[in-house]
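Note sheet for the following structure.
Only heavy atoms go into these numbers, but all of them, side chains included; no hydrogens, no water, no symmetry mates. Every chain is numbered from 1 and lettered A, B, ... according to where its sequence line falls, protein lines coming before strand lines. Worth saying up front: this structure is predicted, and the values here are computed from it rather than measured.
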Number of protein chains: 2
Amino acid sequence: MKKTGLPLEIFRNYLRKKGLKFTRERLIIFNGIISISKHFDADSLCEFLKGRNKNISRASVYRTIPLLVKSGLITESLRCNNKFSYELTFGRRHHDHMVCVKCGRIIEFYDARIEKLQNEVCKKRGFEPLRHKLGIKGYCRACLSKMRK
Amino acid sequence: MKKTGLPLEIFRNYLRKKGLKFTRERLIIFNGIISISKHFDADSLCEFLKGRNKNISRASVYRTIPLLVKSGLITESLRCNNKFSYELTFGRRHHDHMVCVKCGRIIEFYDARIEKLQNEVCKKRGFEPLRHKLGIKGYCRACLSKMRK
DNA sequence: TAACAATTGAGATTGAATCTCAATATCAAA
DNA sequence: TTTGATATTGAGATTCAATCTCAATTGTTA
Ligand SMILES: [Mn+2]
Ligand SMILES: [Mn+2]
Ligand SMILES: [Zn+2]
Ligand SMILES: [Zn+2]
(Lines give C-alpha, C1' and ligand atoms only; values in the text may rest on other atoms or scores of the structure.)
(Ligands and ions follow the chains in the order given, each with its own letter.)
Protein backbone atom coordinates (compact mmCIF):
# COMPACT_ATOMS: atom_id res chain seq x y z
CA MET A 1 0.00 0.00 0.00
CA LYS A 2 1.41 3.34 -1.08
CA LYS A 3 1.47 6.48 0.96
CA THR A 4 -1.46 8.65 -0.05
CA GLY A 5 -0.91 11.82 1.88
CA LEU A 6 -0.49 14.49 -0.72
CA PRO A 7 -2.83 13.29 -3.49
CA LEU A 8 -5.60 12.76 -0.98
CA GLU A 9 -5.23 16.34 0.20
CA ILE A 10 -5.44 17.52 -3.40
CA PHE A 11 -8.64 15.57 -3.88
CA ARG A 12 -10.15 16.92 -0.67
CA ASN A 13 -9.18 20.45 -1.58
CA TYR A 14 -10.71 20.05 -5.02
CA LEU A 15 -13.97 18.83 -3.50
CA ARG A 16 -14.04 21.61 -0.90
CA LYS A 17 -13.34 24.25 -3.53
CA LYS A 18 -16.29 22.99 -5.57
CA GLY A 19 -18.63 22.69 -2.60
CA LEU A 20 -18.65 18.91 -2.92
CA LYS A 21 -18.48 16.40 -0.13
CA PHE A 22 -15.72 14.07 0.88
CA THR A 23 -17.57 10.81 1.33
CA ARG A 24 -16.69 7.31 2.47
CA GLU A 25 -17.34 6.07 -1.08
CA ARG A 26 -15.04 8.63 -2.65
CA LEU A 27 -12.28 7.71 -0.26
CA ILE A 28 -12.67 4.02 -1.07
CA ILE A 29 -12.55 4.76 -4.80
CA PHE A 30 -9.52 6.97 -4.32
CA ASN A 31 -7.70 4.29 -2.32
CA GLY A 32 -8.58 1.68 -4.90
CA ILE A 33 -7.01 3.69 -7.67
CA ILE A 34 -3.89 4.29 -5.59
CA SER A 35 -3.62 0.55 -4.96
CA ILE A 36 -4.10 -0.40 -8.61
CA SER A 37 -1.54 2.23 -9.62
CA LYS A 38 -1.77 1.26 -13.28
CA HIS A 39 -4.21 1.53 -16.18
CA PHE A 40 -7.80 0.80 -15.20
CA ASP A 41 -11.32 1.36 -16.43
CA ALA A 42 -14.47 2.08 -14.45
CA ASP A 43 -15.68 -1.48 -14.52
CA SER A 44 -12.40 -3.10 -13.55
CA LEU A 45 -12.20 -0.63 -10.69
CA CYS A 46 -15.64 -1.76 -9.49
CA GLU A 47 -14.52 -5.37 -9.65
CA PHE A 48 -11.31 -4.59 -7.85
CA LEU A 49 -13.21 -2.93 -5.03
CA LYS A 50 -15.76 -5.72 -4.89
CA GLY A 51 -12.91 -8.21 -4.51
CA ARG A 52 -11.82 -6.31 -1.43
CA ASN A 53 -15.30 -6.28 0.02
CA LYS A 54 -15.71 -2.62 -0.75
CA ASN A 55 -18.77 -2.72 -2.94
CA ILE A 56 -19.34 0.71 -4.41
CA SER A 57 -22.11 1.20 -6.94
CA ARG A 58 -21.12 1.63 -10.56
CA ALA A 59 -22.89 4.97 -10.57
CA SER A 60 -20.65 6.31 -7.83
CA VAL A 61 -17.53 5.03 -9.52
CA TYR A 62 -18.58 6.58 -12.81
CA ARG A 63 -19.37 9.81 -11.01
CA THR A 64 -16.14 9.98 -9.06
CA ILE A 65 -13.74 9.32 -11.93
CA PRO A 66 -14.39 12.70 -13.61
CA LEU A 67 -13.79 14.42 -10.28
CA LEU A 68 -10.42 12.75 -9.97
CA VAL A 69 -9.59 13.74 -13.54
CA LYS A 70 -10.53 17.36 -12.85
CA SER A 71 -8.53 17.39 -9.65
CA GLY A 72 -5.51 16.39 -11.71
CA LEU A 73 -4.82 13.05 -10.06
CA ILE A 74 -5.78 10.72 -12.89
CA THR A 75 -5.83 11.08 -16.65
CA GLU A 76 -7.91 9.51 -19.35
CA SER A 77 -5.34 7.58 -21.32
CA LEU A 78 -6.02 4.94 -23.93
CA ARG A 79 -9.34 3.57 -25.03
CA CYS A 80 -9.09 -0.18 -24.43
CA ASN A 81 -11.73 -2.76 -25.30
CA ASN A 82 -14.06 0.06 -26.12
CA LYS A 83 -13.88 1.45 -22.61
CA PHE A 84 -12.28 4.61 -21.35
CA SER A 85 -9.09 3.75 -19.58
CA TYR A 86 -7.46 5.90 -16.91
CA GLU A 87 -4.19 6.03 -15.07
CA LEU A 88 -2.83 7.68 -11.99
CA THR A 89 -0.67 10.48 -13.29
CA PHE A 90 -0.23 12.64 -10.24
CA GLY A 91 3.44 13.43 -9.81
CA ARG A 92 4.32 11.63 -13.01
CA ARG A 93 5.59 13.20 -16.19
CA HIS A 94 3.36 13.21 -19.25
CA HIS A 95 3.91 10.22 -21.49
CA ASP A 96 2.44 8.53 -24.52
CA HIS A 97 1.71 4.89 -25.29
CA MET A 98 2.57 2.01 -27.53
CA VAL A 99 0.06 -0.84 -27.49
CA CYS A 100 0.81 -4.33 -28.73
CA VAL A 101 -2.03 -5.52 -30.95
CA LYS A 102 -1.09 -9.11 -30.19
CA CYS A 103 -0.78 -9.31 -26.41
CA GLY A 104 -2.14 -5.96 -25.29
CA ARG A 105 1.05 -4.93 -23.55
CA ILE A 106 1.28 -1.20 -22.94
CA ILE A 107 4.62 0.56 -23.25
CA GLU A 108 4.84 4.09 -21.94
CA PHE A 109 7.32 6.45 -23.51
CA TYR A 110 8.30 10.07 -23.48
CA ASP A 111 10.35 11.88 -26.07
CA ALA A 112 11.05 15.55 -25.48
CA ARG A 113 11.87 16.11 -29.13
CA ILE A 114 8.45 14.90 -30.26
CA GLU A 115 6.75 17.04 -27.66
CA LYS A 116 8.71 20.07 -28.81
CA LEU A 117 7.89 19.50 -32.47
CA GLN A 118 4.22 19.16 -31.62
CA ASN A 119 4.28 22.56 -29.97
CA GLU A 120 6.09 23.97 -32.95
CA VAL A 121 3.53 22.60 -35.39
CA CYS A 122 0.73 24.01 -33.25
CA LYS A 123 2.33 27.43 -33.12
CA LYS A 124 2.70 27.44 -36.89
CA ARG A 125 -1.05 26.83 -37.21
CA GLY A 126 -2.03 29.37 -34.57
CA PHE A 127 -3.35 26.51 -32.46
CA GLU A 128 -3.03 26.58 -28.70
CA PRO A 129 -2.58 23.00 -27.49
CA LEU A 130 -4.14 21.93 -24.22
CA ARG A 131 -3.47 18.20 -24.21
CA HIS A 132 -2.69 15.47 -26.64
CA LYS A 133 -2.62 11.75 -27.04
CA LEU A 134 -0.18 9.78 -29.14
CA GLY A 135 -0.96 6.09 -29.42
CA ILE A 136 1.16 3.77 -31.50
CA LYS A 137 -0.18 0.31 -32.27
CA GLY A 138 2.09 -2.51 -33.35
CA TYR A 139 3.98 -5.55 -32.11
CA CYS A 140 5.99 -5.58 -28.92
CA ARG A 141 9.44 -7.11 -28.70
CA ALA A 142 8.22 -10.28 -27.00
CA CYS A 143 5.50 -10.92 -29.57
CA LEU A 144 7.92 -10.25 -32.43
CA SER A 145 10.39 -12.85 -31.23
CA LYS A 146 7.60 -15.37 -30.62
CA MET A 147 6.36 -14.78 -34.17
CA ARG A 148 9.80 -15.23 -35.69
CA LYS A 149 10.04 -18.74 -34.26
CA MET B 1 -19.43 14.21 -57.90
CA LYS B 2 -15.89 12.96 -57.96
CA LYS B 3 -14.51 10.37 -60.29
CA THR B 4 -14.47 7.04 -58.53
CA GLY B 5 -12.72 4.79 -60.99
CA LEU B 6 -9.69 3.53 -59.18
CA PRO B 7 -10.91 3.33 -55.59
CA LEU B 8 -14.02 1.51 -56.73
CA GLU B 9 -11.87 -1.10 -58.43
CA ILE B 10 -9.88 -1.52 -55.27
CA PHE B 11 -13.05 -2.09 -53.31
CA ARG B 12 -14.37 -4.60 -55.86
CA ASN B 13 -11.07 -6.44 -55.90
CA TYR B 14 -11.03 -6.58 -52.13
CA LEU B 15 -14.51 -8.07 -52.08
CA ARG B 16 -13.71 -10.58 -54.80
CA LYS B 17 -10.53 -11.66 -53.06
CA LYS B 18 -12.49 -12.31 -49.88
CA GLY B 19 -15.34 -14.10 -51.65
CA LEU B 20 -17.74 -11.27 -50.77
CA LYS B 21 -20.36 -9.75 -53.01
CA PHE B 22 -20.43 -6.41 -54.69
CA THR B 23 -23.95 -5.26 -53.93
CA ARG B 24 -26.12 -2.27 -54.83
CA GLU B 25 -26.02 -1.23 -51.16
CA ARG B 26 -22.24 -1.36 -50.96
CA LEU B 27 -21.94 0.74 -54.08
CA ILE B 28 -24.31 3.35 -52.65
CA ILE B 29 -22.34 3.46 -49.41
CA PHE B 30 -19.09 3.75 -51.33
CA ASN B 31 -20.43 6.60 -53.45
CA GLY B 32 -21.75 8.37 -50.39
CA ILE B 33 -18.36 8.34 -48.76
CA ILE B 34 -16.72 9.62 -51.93
CA SER B 35 -19.24 12.48 -52.05
CA ILE B 36 -18.80 13.42 -48.41
CA SER B 37 -15.01 13.33 -48.83
CA LYS B 38 -14.42 14.47 -45.28
CA HIS B 39 -14.73 13.13 -41.74
CA PHE B 40 -17.91 11.16 -41.14
CA ASP B 41 -19.37 8.62 -38.76
CA ALA B 42 -21.70 5.72 -39.48
CA ASP B 43 -24.80 7.59 -38.42
CA SER B 44 -24.08 10.78 -40.33
CA LEU B 45 -23.42 8.65 -43.39
CA CYS B 46 -26.85 7.03 -43.00
CA GLU B 47 -28.43 10.45 -42.76
CA PHE B 48 -26.51 11.71 -45.75
CA LEU B 49 -27.74 8.78 -47.83
CA LYS B 50 -31.28 9.16 -46.58
CA GLY B 51 -31.21 12.79 -47.65
CA ARG B 52 -30.41 11.63 -51.16
CA ASN B 53 -33.21 9.10 -51.13
CA LYS B 54 -30.79 6.23 -50.81
CA ASN B 55 -32.01 4.67 -47.64
CA ILE B 56 -29.58 1.98 -46.57
CA SER B 57 -30.10 0.21 -43.27
CA ARG B 58 -27.80 1.11 -40.45
CA ALA B 59 -26.79 -2.53 -40.21
CA SER B 60 -25.45 -2.48 -43.76
CA VAL B 61 -23.62 0.77 -43.22
CA TYR B 62 -22.06 -0.54 -40.03
CA ARG B 63 -21.15 -3.75 -41.85
CA THR B 64 -19.64 -2.07 -44.89
CA ILE B 65 -17.43 0.45 -43.10
CA PRO B 66 -14.99 -2.20 -41.81
CA LEU B 67 -14.73 -3.60 -45.34
CA LEU B 68 -13.74 -0.20 -46.66
CA VAL B 69 -11.22 0.16 -43.89
CA LYS B 70 -9.71 -3.23 -44.68
CA SER B 71 -9.61 -2.45 -48.36
CA GLY B 72 -7.50 0.59 -47.52
CA LEU B 73 -9.89 3.27 -48.77
CA ILE B 74 -10.97 4.79 -45.48
CA THR B 75 -9.33 5.08 -42.09
CA GLU B 76 -10.67 5.28 -38.61
CA SER B 77 -9.54 8.71 -37.51
CA LEU B 78 -10.72 10.64 -34.48
CA ARG B 79 -13.35 9.64 -32.00
CA CYS B 80 -15.90 12.48 -32.09
CA ASN B 81 -18.97 12.82 -29.90
CA ASN B 82 -18.30 9.34 -28.67
CA LYS B 83 -18.65 7.85 -32.14
CA PHE B 84 -16.02 6.35 -34.37
CA SER B 85 -15.17 8.80 -37.10
CA TYR B 86 -13.71 7.88 -40.46
CA GLU B 87 -12.19 9.65 -43.40
CA LEU B 88 -11.39 8.82 -46.99
CA THR B 89 -7.65 8.38 -47.05
CA PHE B 90 -7.13 6.59 -50.32
CA GLY B 91 -4.40 8.38 -52.26
CA ARG B 92 -3.77 10.77 -49.40
CA ARG B 93 -0.73 10.94 -47.24
CA HIS B 94 -1.00 9.94 -43.60
CA HIS B 95 -1.75 12.87 -41.32
CA ASP B 96 -2.66 13.62 -37.74
CA HIS B 97 -5.23 15.94 -36.19
CA MET B 98 -5.72 18.96 -34.03
CA VAL B 99 -9.24 19.42 -32.69
CA CYS B 100 -10.58 22.67 -31.32
CA VAL B 101 -12.33 22.02 -28.04
CA LYS B 102 -14.38 25.19 -28.55
CA CYS B 103 -15.75 24.95 -32.08
CA GLY B 104 -14.87 21.42 -33.09
CA ARG B 105 -12.78 22.48 -36.05
CA ILE B 106 -10.41 19.78 -37.26
CA ILE B 107 -6.97 20.73 -38.51
CA GLU B 108 -5.00 18.08 -40.34
CA PHE B 109 -1.25 18.20 -40.21
CA TYR B 110 1.77 16.18 -41.15
CA ASP B 111 5.27 16.59 -39.84
CA ALA B 112 7.91 14.26 -41.21
CA ARG B 113 10.22 14.95 -38.29
CA ILE B 114 7.63 13.78 -35.77
CA GLU B 115 6.95 10.66 -37.81
CA LYS B 116 10.64 9.91 -37.98
CA LEU B 117 11.13 10.35 -34.26
CA GLN B 118 8.20 8.04 -33.58
CA ASN B 119 9.86 5.32 -35.61
CA GLU B 120 13.11 5.95 -33.81
CA VAL B 121 11.49 5.63 -30.40
CA CYS B 122 9.78 2.42 -31.49
CA LYS B 123 12.99 0.92 -32.75
CA LYS B 124 14.69 1.74 -29.45
CA ARG B 125 11.98 -0.22 -27.63
CA GLY B 126 12.03 -3.14 -30.06
CA PHE B 127 8.46 -2.24 -31.04
CA GLU B 128 7.26 -2.64 -34.60
CA PRO B 129 4.75 0.12 -35.33
CA LEU B 130 1.77 -0.62 -37.55
CA ARG B 131 -0.24 2.56 -37.23
CA HIS B 132 -0.59 5.46 -34.88
CA LYS B 133 -2.86 8.29 -33.98
CA LEU B 134 -1.78 11.68 -32.70
CA GLY B 135 -4.61 13.93 -31.60
CA ILE B 136 -3.98 17.36 -30.15
CA LYS B 137 -6.82 19.15 -28.42
CA GLY B 138 -6.78 22.88 -27.87
CA TYR B 139 -8.03 26.18 -29.26
CA CYS B 140 -7.96 27.03 -32.94
CA ARG B 141 -6.81 30.39 -34.24
CA ALA B 142 -10.35 31.66 -34.84
CA CYS B 143 -11.55 30.76 -31.36
CA LEU B 144 -8.45 32.29 -29.79
CA SER B 145 -9.02 35.65 -31.44
CA LYS B 146 -12.70 35.58 -30.54
CA MET B 147 -11.77 34.87 -26.93
CA ARG B 148 -9.25 37.73 -26.80
CA LYS B 149 -11.94 40.26 -27.67
C1' DT C 1 -30.69 -21.12 -65.44
C1' DA C 2 -29.83 -23.36 -61.20
C1' DA C 3 -27.72 -23.77 -56.83
C1' DC C 4 -25.15 -22.09 -53.25
C1' DA C 5 -23.58 -18.71 -50.27
C1' DA C 6 -23.43 -14.05 -48.99
C1' DT C 7 -26.35 -9.99 -47.98
C1' DT C 8 -30.06 -7.28 -46.58
C1' DG C 9 -33.23 -4.88 -43.33
C1' DA C 10 -36.24 -4.57 -39.37
C1' DG C 11 -35.95 -5.14 -35.07
C1' DA C 12 -33.81 -7.22 -30.97
C1' DT C 13 -29.72 -7.15 -28.20
C1' DT C 14 -25.50 -5.75 -26.05
C1' DG C 15 -22.72 -3.02 -23.10
C1' DA C 16 -20.62 1.24 -21.51
C1' DA C 17 -22.04 5.28 -19.68
C1' DT C 18 -25.57 8.26 -17.81
C1' DC C 19 -29.73 9.38 -15.45
C1' DT C 20 -33.61 9.12 -11.78
C1' DC C 21 -35.17 9.67 -7.32
C1' DA C 22 -36.13 8.42 -2.61
C1' DA C 23 -33.33 7.48 1.27
C1' DT C 24 -29.03 8.88 3.48
C1' DA C 25 -24.72 11.22 4.64
C1' DT C 26 -21.89 15.38 4.97
C1' DC C 27 -20.55 19.62 6.98
C1' DA C 28 -20.86 24.46 8.20
C1' DA C 29 -23.31 27.25 11.13
C1' DA C 30 -25.71 27.85 15.27
C1' DT D 1 -23.43 18.84 19.56
C1' DT D 2 -27.39 19.60 17.04
C1' DT D 3 -29.58 21.21 13.06
C1' DG D 4 -30.68 21.87 8.39
C1' DA D 5 -29.55 22.85 3.74
C1' DT D 6 -27.53 20.40 0.25
C1' DA D 7 -24.81 16.93 -1.86
C1' DT D 8 -24.52 11.86 -2.43
C1' DT D 9 -25.72 7.20 -2.75
C1' DG D 10 -27.46 2.90 -4.98
C1' DA D 11 -30.72 0.09 -7.50
C1' DG D 12 -32.62 0.13 -11.40
C1' DA D 13 -34.11 2.51 -15.63
C1' DT D 14 -32.44 4.72 -19.69
C1' DT D 15 -29.57 6.11 -23.50
C1' DC D 16 -27.18 5.32 -27.58
C1' DA D 17 -23.60 3.44 -30.61
C1' DA D 18 -22.62 -0.79 -32.26
C1' DT D 19 -23.61 -5.57 -33.06
C1' DC D 20 -26.47 -9.50 -33.78
C1' DT D 21 -30.60 -12.40 -35.57
C1' DC D 22 -32.93 -14.53 -39.10
C1' DA D 23 -36.10 -15.01 -42.88
C1' DA D 24 -36.33 -13.14 -47.38
C1' DT D 25 -33.48 -11.65 -51.17
C1' DT D 26 -29.60 -11.04 -54.21
C1' DG D 27 -24.94 -11.88 -56.41
C1' DT D 28 -21.84 -15.16 -58.37
C1' DT D 29 -20.23 -19.13 -60.61
C1' DA D 30 -20.81 -23.17 -63.15
MN1 LIG E 1 3.20 13.35 -25.77
MN1 LIG F 1 1.53 10.84 -37.65
ZN1 LIG G 1 2.90 -8.13 -27.50
ZN1 LIG H 1 -12.18 26.66 -32.69
Checklist entry - From the list C:dT8, C:dA5, D:dA7, which nucleotide is the closest neighbour of the side chain of B:Lys21? => result C:dA5
Item to check | Atom-to-atom span, CZ of B:Arg63 to P of C:dA10 - whole angstrom | outcome: 11 Å
Checklist entry - For D:dT9, does OP1 or OP2 lie under 4.0 Å from any side-chain N or O of A:Arg26? => result yes
Next on the checklist: Students often get this wrong, so: under 4.0 angstrom with heavy atoms, is B:Asp43 touching a base, only sugar-phosphate, or nothing?
Outcome noted: sugar-phosphate
Checklist entry - Within the structure shown, what part of the strands sits under 4.0 Å from B:Arg58 by heavy-atom distance: base, sugar-phosphate, or nothing? => result nothing
Checklist entry - Which heavy atom of B:Ile74 sits nearest a heavy atom of B:Ile65, and at what distance? => result CD1-O, 3.8 Å
Item to check | Euclidean distance, atom CZ of residue A:Arg79 to atom C1' of D:dA18 [Å, nearest integer] | outcome: 12 Å
Item to check | side-chain N/O B:Ser60 vs C:dT7 OP1/OP2, d < 4.0 Å | outcome: no
Item to check | B:Ile56 CD1 - C:dA10 P separation (whole Å) | outcome: 10 Å
Next on the checklist: What is the distance, to the nearest angstrom, from the NZ atom on A:Lys17 to the P atom on C:dA28?
Outcome noted: 16 Å
Item to check | Rounded distance in Å - CG (B:Leu27) to C1' (C:dT8) | outcome: 15 Å
Checklist entry - Should the ring pair B:His132 and B:His94 be called parallel, tilted or perpendicular, given that the plane angle runs from 0 to 90° and is split at 30 and 60? => result perpendicular
Item to check | Whole-Å gap separating P (C:dT8) and CD1 (B:Ile28) | outcome: 10 Å
Checklist entry - Atom CD1 of A:Ile65 and atom P of D:dT9: how far apart are they, to the nearest Å? => result 13 Å
Item to check | CA sep, side-chain torsions, deciding dist, call: A:Glu25, A:Arg63, salt bridge (charged side-chain N to carboxylate O under 4.0 Å, His left out) | outcome: CA-CA 11 Å; A:Glu25 290 79 6; A:Arg63 283 185 292 228; over 6 Å; no
Checklist entry - Quick one: B:Asp41 CG to D:dA18 C1', roughly how many Å, whole number? => result 12 Å
Checklist entry - On DNA chain D, nearest-nucleotide positions of B:Pro66 versus A:Gly19: which is more 5'? => result A:Gly19
Checklist outcome for this item: The nucleotide from C:dT7, D:dT9, D:dA7 with an atom nearest the side chain of A:Leu20 is D:dA7
Item to check | NZ (A:Lys133) with more than 12 external heavy atoms under 6.0 Å | outcome: yes
Checklist entry - With respect to the phosphate group of C:dT18, does any side-chain polar atom (N or O) of A:Tyr62 fall under 4.0 Å of OP1 or OP2? => result no
Item to check | A:Arg93 to A:Tyr110, cation-pi by 6.0 Å centre distance and 45° axis angle | outcome: yes
Checklist entry - Hey, is the side chain of A:Thr23 poking within less than 4.0 Å of OP1 or OP2 on D:dA7, counting only N and O atoms? => result no
Next on the checklist: Would the base of D:dA18 count as contacting B:Lys83 through its side chain, where contact means a donor and an acceptor less than 3.5 Å apart?
Outcome noted: no
